**Q** 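Dropping a structure here in structure tokens format, bear with me for questions.
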Amino acid sequence: MATEKTKQETPDEDYSLLPLVHDIIKGMDKDGADVQQELSKLKAKIQESREQIALMPGIDVSPTAQQQQLETLREQVRTKKQLLQKYKSLCMFEVPKAS
């Protein structure tokens with residue numbers, strides 16, 4: 001009796017094709033009738049994976065555009081770090097000394 005997989009699995013387990021391929025190979029060795037059913041499961045899982053990949057953010061952006069975006073974000077981080085250092089060094093508030 002096969003157990004149903006829950007949606008609480010990690011993404012690696014949700015889209016792992018190896019168990020299905022293993023079941024297909026085992027079924028072929030035994031000349032089982034459920035090979036077609038396992039192949040259908042594999043095709044469905046591949047199609048589901050394709051749909052998930054198409055939904056990933058940034059998949060429609062070219063590699064050069066991704067590099068440009070990365071450089072822009074890095075420059076923003078550098079600017080923010082510089083501003084933080086500047087404001088830390090201003091010493092706008094006097095620290096009261098314990099007498």
Side-chain angles (χ1 to χ4, degrees):
M1 179 177 208
T3 59
E4 287 292 320
K5 290 186 178 183
T6 62
K7 289 293 180 182
Q8 296 174 352
E9 296 174 339
T10 62
D12 292 339
E13 293 172 354
D14 283 342
Y15 298 103
S16 176
L17 302 176
L18 191 57
L20 284 174
V21 172
H22 183 261
D23 290 343
I24 291 169
I25 293 171
K26 277 192 338 188
M28 291 173 77
D29 286 343
K30 296 179 183 177
D31 287 331
D34 59 327
V35 172
Q36 289 299 322
Q37 181 182 2
E38 293 297 324
L39 281 172
S40 296
K41 285 182 188 178
L42 179 63
K43 287 178 185 178
K45 191 157 273 216
I46 289 172
Q47 183 60 34
E48 186 179 334
S49 297
R50 285 180 179 154
E51 291 168 2
Q52 289 296 319
I53 289 171
L55 294 175
M56 288 180 167
I59 199 77
D60 56 340
V61 180
S62 71
T64 54
Q66 288 178 6
Q67 283 293 334
Q68 289 174 347
Q69 186 178 17
L70 181 62
E71 285 302 315
T72 302
L73 292 172
R74 284 182 176 157
E75 184 60 37
Q76 288 176 0
V77 168
R78 274 188 233 113
T79 303
K80 289 178 182 182
K81 283 183 178 180
Q82 289 172 351
L83 285 171
L84 282 172
Q85 287 298 329
K86 178 181 176 182
Y87 289 128
K88 283 181 181 179
S89 66
L90 283 178
C91 291
M92 293 177 63
F93 303 102
E94 271 189 42
V95 178
K97 295 182 180 180
S99 299

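Keep in mind the model is a prediction, meaning the values are calculated, not measured.
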**Q** Going from NZ on Lys86 to CD on Gln82, what distance comes out if it is rounded to the nearest 0.5 angstrom?
**A**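 If I round to the nearest 0.5 Å, the distance is 10.0 Å.
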**Q** Tell me whether Gln69 at atom CD has more than 12 heavy atoms from other residues, nucleotides or ligands lying less than 6.0 Å away.
**A**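 For Gln69, atom CD is not crowded (no more than 12 foreign heavy atoms under 6.0 Å).
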**Q** Using side-chain contact (heavy atoms from CB on, under 4.5 Å) as the criterion, list what pairs up with Leu42, not counting sequence neighbours.
**A**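 Leu42: side-chain contact (heavy atoms from CB on, under 4.5 Å) contacts with Leu17, Leu20, Val21, Ile24, Ile46.
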**Q** So, taking the atom named CG in Leu83 and the one named CD in Gln85, what distance separates them when rounded to the nearest 0.5 Å?
**A**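 It comes to 10.5 Å.
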**Q** Out of the candidates Arg74, Lys81, Lys80, only one should pair with Val77 under the side chain to side chain contact (heavy atoms under 4.5 Å, CB included) rule; please name it.
**A**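 Testing each of Arg74, Lys81, Lys80 against Val77, the sole residue satisfying side chain to side chain contact (heavy atoms under 4.5 Å, CB included) is Lys81.
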**Q** How long is the straight-line distance from CG of Leu70 back to CD of Glu75, given to the nearest 0.5 Å?
**A**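 Taking CD in Glu75 and CG in Leu70, the distance rounds to 12.0 Å.
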**Q** Against Gln47, only a single residue in Lys43, Lys45, Arg50 fulfils side chain to side chain contact (heavy atoms under 4.5 Å, CB included); can you say which?
**A**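 Passing option: Arg50.
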**Q** Which pairs, with at least one residue in residues 59-70 and sequence neighbours excluded, count as a salt bridge (charged side-chain N to carboxylate O under 4.0 Å, His left out)?
**A**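 Sorted result for residues 59-70: empty, none.
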**Q** Going by the rule side-chain contact (heavy atoms from CB on, under 4.5 Å), which residues pair with Thr64 if we only count those two or more places apart in sequence or in a different chain?
**A**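 Partners of Thr64 by the side-chain contact (heavy atoms from CB on, under 4.5 Å) criterion, ordered by chain and then number, come out as Ser62.
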